[in-house]
**Student:** 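Here it is: the structure, laid out below.
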Amino acid sequence: NTTTVANGVHALKVSARDAAGNIGLQTISVTVDNVVTPPPANNLIANPSLETANGAGTLPVSWQSSKWGTNTTTFTYPVAGQDGAKAAKVAMTAWTNGDAKWYFNDVPVTSGTQYTFRNYYTSSVPTELIVRYTTGAGAVSYAFLAAVPASATWQTATATFTPPAGTASATVFHVLAKVGNLTVDN
């Protein structure tokens, strides 16, 4: 996770020892250049439109992709978005269990305060919105927010949630949990 170190040049040193006791040392230089896009004043999500990509151009800054369970999943970024620019797509070609999703990095939230999540999406199958709450001690909990119908054209998914006591941060997952595809944007 390069966000835990300062931008700039860093040296990575690796040593390896073989069965005969020979030691090999290697040092390489890497450049960390984390672009941080501040959210608009009324939006807590950094890079909410997914327009800013990492240095390689293969991931949106401040976003993650993940899957769990037994499924065959492909994550693609960038793809054409709701406004014609960049969006993120997840596709499942086989599913036994679990899910897959793109999601924004956790944002600080205040317990008892109401928040509204909204994004644009297209999907070939019904999907869901799930919120993940994280306490200051790092404990996580999840809550179902909304069922989202399939749509071949860009639609808006919206859900409102209120973090429970002790919540320090949250993120929202727009979840694909069956064979099909889901593209998210804005």
Side-chain angles (χ1 to χ4, degrees), residues 1-3 7 30-107 115-132 134 140 142-161 169-186:
N1 180 356
T2 61
T3 62
N7 287 342
V30 295
T31 302
V32 174
D33 185 17
N34 291 312
V35 177
V36 177
T37 305
N42 62 347
N43 191 336
L44 299 177
I45 302 168
N47 193 22
S49 65
L50 300 131
E51 297 308 308
T52 305
N54 66 355
T58 57
L59 294 171
V61 169
S62 301
W63 285 75
Q64 311 293 323
S65 61
S66 72
K67 70 173 220 113
W68 69 273
T70 305
N71 54 68
T72 304
T73 301
T74 303
F75 295 96
T76 307
Y77 175 84
V79 296
Q82 175 266 335
D83 54 5
K86 297 175 183 168
K89 181 177 182 177
V90 57
M92 257 186 217
T93 56
W95 181 89
T96 303
N97 57 44
D99 68 37
K101 63 268 185 191
W102 286 94
Y103 61 97
F104 57 90
N105 290 346
D106 273 40
V107 296
Y115 295 88
T116 300
F117 172 81
R118 181 178 304 113
N119 74 338
Y120 284 94
Y121 76 95
T122 63
S123 64
S124 62
V125 295
T127 57
E128 295 180 342
L129 295 178
I130 307 288
V131 62
R132 180 184 70 194
T134 304
V140 298
Y142 301 87
F144 173 84
L145 294 177
V148 181
S151 177
T153 61
W154 288 102
Q155 297 296 322
T156 304
T158 303
T160 301
F161 61 94
S169 65
T171 187
V172 176
F173 301 148
H174 195 151
V175 173
L176 177 65
K178 57 181 68 176
V179 171
N181 60 70
L182 166 67
T183 302
V184 296
D185 196 11
N186 293 326

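For the single chain, residues carry numbers from 1 onward in sequence order. Keep in mind the model is a prediction, meaning the values are calculated, not measured.
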**Student:** Tell me, do Phe75 and Leu59 make a side-chain contact under 4.5 Å, heavy atoms counted?
**Tutor:** no

**Student:** Are any non-hydrogen side-chain atoms of Ser49 and Lys86 less than 4.5 angstrom apart?
**Tutor:**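 Not in contact.
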
**Student:** List the atom of Ser124, the atom of Gly180, and the distance in Å for their closest heavy-atom pair.
**Tutor:**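 Closest pair (atom of Ser124, atom of Gly180, distance): OG-CA, 3.3 Å.
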
**Student:** Could I get the full list of side-chain contact (heavy atoms from CB on, under 4.5 Å) partners for Ala152, not counting sequence neighbours?
**Tutor:** none

**Student:** Can you name the residues that form a ring-ring contact (aromatic ring centres under 6.0 Å, His included) with Tyr115, not counting sequence neighbours?
**Tutor:**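 By the ring-ring contact (aromatic ring centres under 6.0 Å, His included) rule, Tyr115 matches Phe161.
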
**Student:** Can you list the residues that meet the side chain to side chain donor-acceptor pair (under 3.5 Å) rule with Lys89, with sequence neighbours excluded?
**Tutor:**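 Side chain to side chain donor-acceptor pair (under 3.5 Å) list for Lys89, sorted by chain: empty.
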
**Student:** Applying side chain to side chain donor-acceptor pair (under 3.5 Å), name anything that partners Arg132, two or more places apart in sequence or on another chain.
**Tutor:** Asp106

**Student:** Looking at every non-hydrogen atom in both residues, tell me the closest pair between Ala157 and His174 and how far apart they are.
**Tutor:** CB-CE1, 4.0 Å

**Student:** Provide the full list of salt bridge (Lys or Arg N to Asp or Glu O under 4.0 Å) pairs with a residue in residues 54-71, sequence neighbours left out, each pair given once.
**Tutor:** none

**Student:** How far does CZ of Phe117 sit from CG of Leu145, to the nearest 0.5 angstrom?
**Tutor:**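 That separation rounds to 9.0 Å.
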
**Student:** Could you pull out all residues at least two apart from Glu51 that satisfy side chain to side chain donor-acceptor pair (under 3.5 Å)?
**Tutor:** none

**Student:** Ser151: which residues meet the side-chain contact (heavy atoms from CB on, under 4.5 Å) condition with it, sequence neighbours left out?
**Tutor:** Tyr121, Thr153, Gln155

**Student:** Do Asp99 and Trp68 make a side-chain contact, defined as non-hydrogen atoms from C-beta onward lying under 4.5 Å apart?
**Tutor:**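 Yes - at least one pair of side-chain heavy atoms lies under 4.5 Å apart.
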
**Student:** Listed by chain and number, what are the side chain to side chain donor-acceptor pair (under 3.5 Å) partners of Trp154, not counting sequence neighbours?
**Tutor:**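 Expected list: none.
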
**Student:** Holding to ring-ring contact (aromatic ring centres under 6.0 Å, His included), I want the full list of residues that pass it with Tyr103, two or more places apart in sequence or in another chain.
**Tutor:** Phe173

**Student:** Is the shortest side-chain heavy-atom distance between Pro60 and Trp102 below 4.5 Å?
**Tutor:**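 Answer yes - side chains close enough.
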
**Student:** Tell me which one of Val175, Val148, Val184, Asn181 satisfies side-chain contact (heavy atoms from CB on, under 4.5 Å) with Thr127.
**Tutor:** Val148

**Student:** Please enumerate all residues that pass side-chain contact (heavy atoms from CB on, under 4.5 Å) together with Thr74, with sequence neighbours excluded.
**Tutor:**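 Per chain and number, Thr74 pairs via side-chain contact (heavy atoms from CB on, under 4.5 Å) with Thr76.
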
**Student:** Below 4.5 Å, heavy atoms only, C-beta onward: do Val179 and Val125 meet side chain to side chain?
**Tutor:** no

**Student:** Can you tell me if Asn47 uses its side chain to pair, donor with acceptor, with the backbone of Val61 under 3.5 Å?
**Tutor:** yes

**Student:** I'd like to check the ring-ring contact (aromatic ring centres under 6.0 Å, His included) partners of Tyr120; sequence neighbours left out, ordered by chain and number.
**Tutor:** none

**Student:** Indicate the atoms forming the closest heavy-atom contact of Ser62 with Ala46, along with that distance.
**Tutor:**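 Of all heavy-atom pairs spanning Ser62 and Ala46, the closest is OG-CB, 3.6 Å.
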
**Student:** Ala143: which residues meet the side-chain contact (heavy atoms from CB on, under 4.5 Å) condition with it, sequence neighbours left out?
**Tutor:**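 Result, side-chain contact (heavy atoms from CB on, under 4.5 Å) vs Ala143: Val131, Tyr133.
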
**Student:** Identify the heavy atoms of Ala80 and Ala87 that sit nearest to each other, and give their distance.
**Tutor:**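 Scanning both residues completely, I find the closest heavy atoms to be O-CB, 3.8 Å.
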
